[in-house]
Amino acid sequence: MSTPKPGTAGATRTCPHCKTTILESASICPSCKHYLRFDAPRTGPGAPQPSTTALQVEGMIRHPSEGGAWEYSVLLTVRDDEGNELARHVVGVGAMLAGEERTFNLSVQVTPTSDMRKPGKRGTRH
């Protein structure tokens, strides 16, 4: 997996607040929600495009009223169009006692860019 050059679509940086790897183009960290820059709104070519939610999944699990505690691991895996694993992260772990419930939400935000590169033979998308 190649890392895009700074200034291109998919380039990353580290949030100065929470140290999460985020997109270089982000104005707000999606993890800690801190503002990262206070750019004046731009219009015209090269202006930032609004993000849209391309995928949103939410589900809930409830431990029955009886039995021992359940442990859980929340695993996120990202694959490209050929099935190659690009990223795999445990994003949360915990335990649920009898009668407790947890709700899990996954959302994927996409933002159009002006980067018109085509993927190489092995693909460079993230």
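In this chain, residues are counted from 1 in sequence order.
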For Cys32 against His17, the heavy-atom pair lying closest together: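 Scanning both residues, the minimum pair turns out to be SG-CB, 3.8 Å.
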
Smallest separation among heavy atoms of Ala98 and His63, with atom names: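 Minimum heavy-atom separation between Ala98 and His63: CA-ND1, 3.3 Å.
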
Lys19 (side chain) donor-acceptor with Pro16 (main chain) under 3.5 angstrom: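 Yes, Lys19 side chain to Pro16 backbone: donor-acceptor pair under 3.5 Å.
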
Donor-acceptor contact present, side-chain Arg88 to main-chain Leu75, <3.5 Å: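 Flag not set: sc Arg88 to bb Leu75 has no pair under 3.5 Å.
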
Side chains of [X] and [Y]: closer than 4.5 Å at any heavy-atom pair?
{"X": "Glu85", "Y": "Thr77", "value": "yes"}
{"X": "Arg79", "Y": "Asn84", "value": "no"}
{"X": "Gln56", "Y": "Val108", "value": "no"}
{"X": "Ser27", "Y": "Leu36", "value": "no"}
{"X": "Ile22", "Y": "Arg13", "value": "yes"}
{"X": "Ser25", "Y": "Thr111", "value": "no"}
{"X": "Cys15", "Y": "Ser31", "value": "no"}
{"X": "Leu55", "Y": "Thr53", "value": "no"}

His34 side, atom NE2; Cys29 side, atom SG - distance, nearest 0.5 Å: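 Going from NE2 on His34 over to SG on Cys29, the span is 9.0 Å.
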
Inter-residue atom distance Arg62.CZ - Glu100.CD, 0.5 Å rounding: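 Atom-to-atom, Arg62:CZ and Glu100:CD are 9.5 Å apart.
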
Joint hydrophobic cluster, Val91 plus Met96, side-chain heavy atoms closer than 4.5 Å: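 Yes, one cluster joins them.
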
Pair Val57-Asn105, side chain to side chain contact (heavy atoms under 4.5 Å, CB included): steps then yes or no: CA-CA 6 Å; Val57 181; Asn105 183 297; over 6 Å; no

Trace of the side chain to side chain contact (heavy atoms under 4.5 Å, CB included) decision for Met60 with Arg102: CA-CA 6 Å; Met60 185 268 299; Arg102 298 288 185 276; over 6 Å; no

Verdict with reasoning, His89 to Val78, per side chain to side chain contact (heavy atoms under 4.5 Å, CB included): CA-CA 9 Å; His89 299 281; Val78 179; over 6 Å; no

Donor-acceptor side-chain pairing of Glu24 and Thr12 below 3.5 angstrom: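 Per modelled atom types, Glu24 and Thr12 side chains form no pair under 3.5 Å.
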
Plane angle bin for Phe104 and Tyr72 - parallel if under 30°, tilted between 30 and 60°, otherwise perpendicular: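 The rings of Tyr72 and Phe104 stand perpendicular, inter-plane angle above 60°.
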
Glu71: salt bridge (charged side-chain N to carboxylate O under 4.0 Å, His left out) partners, not counting sequence neighbours: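 Salt bridge (charged side-chain N to carboxylate O under 4.0 Å, His left out) list for Glu71, sorted by chain: empty.
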
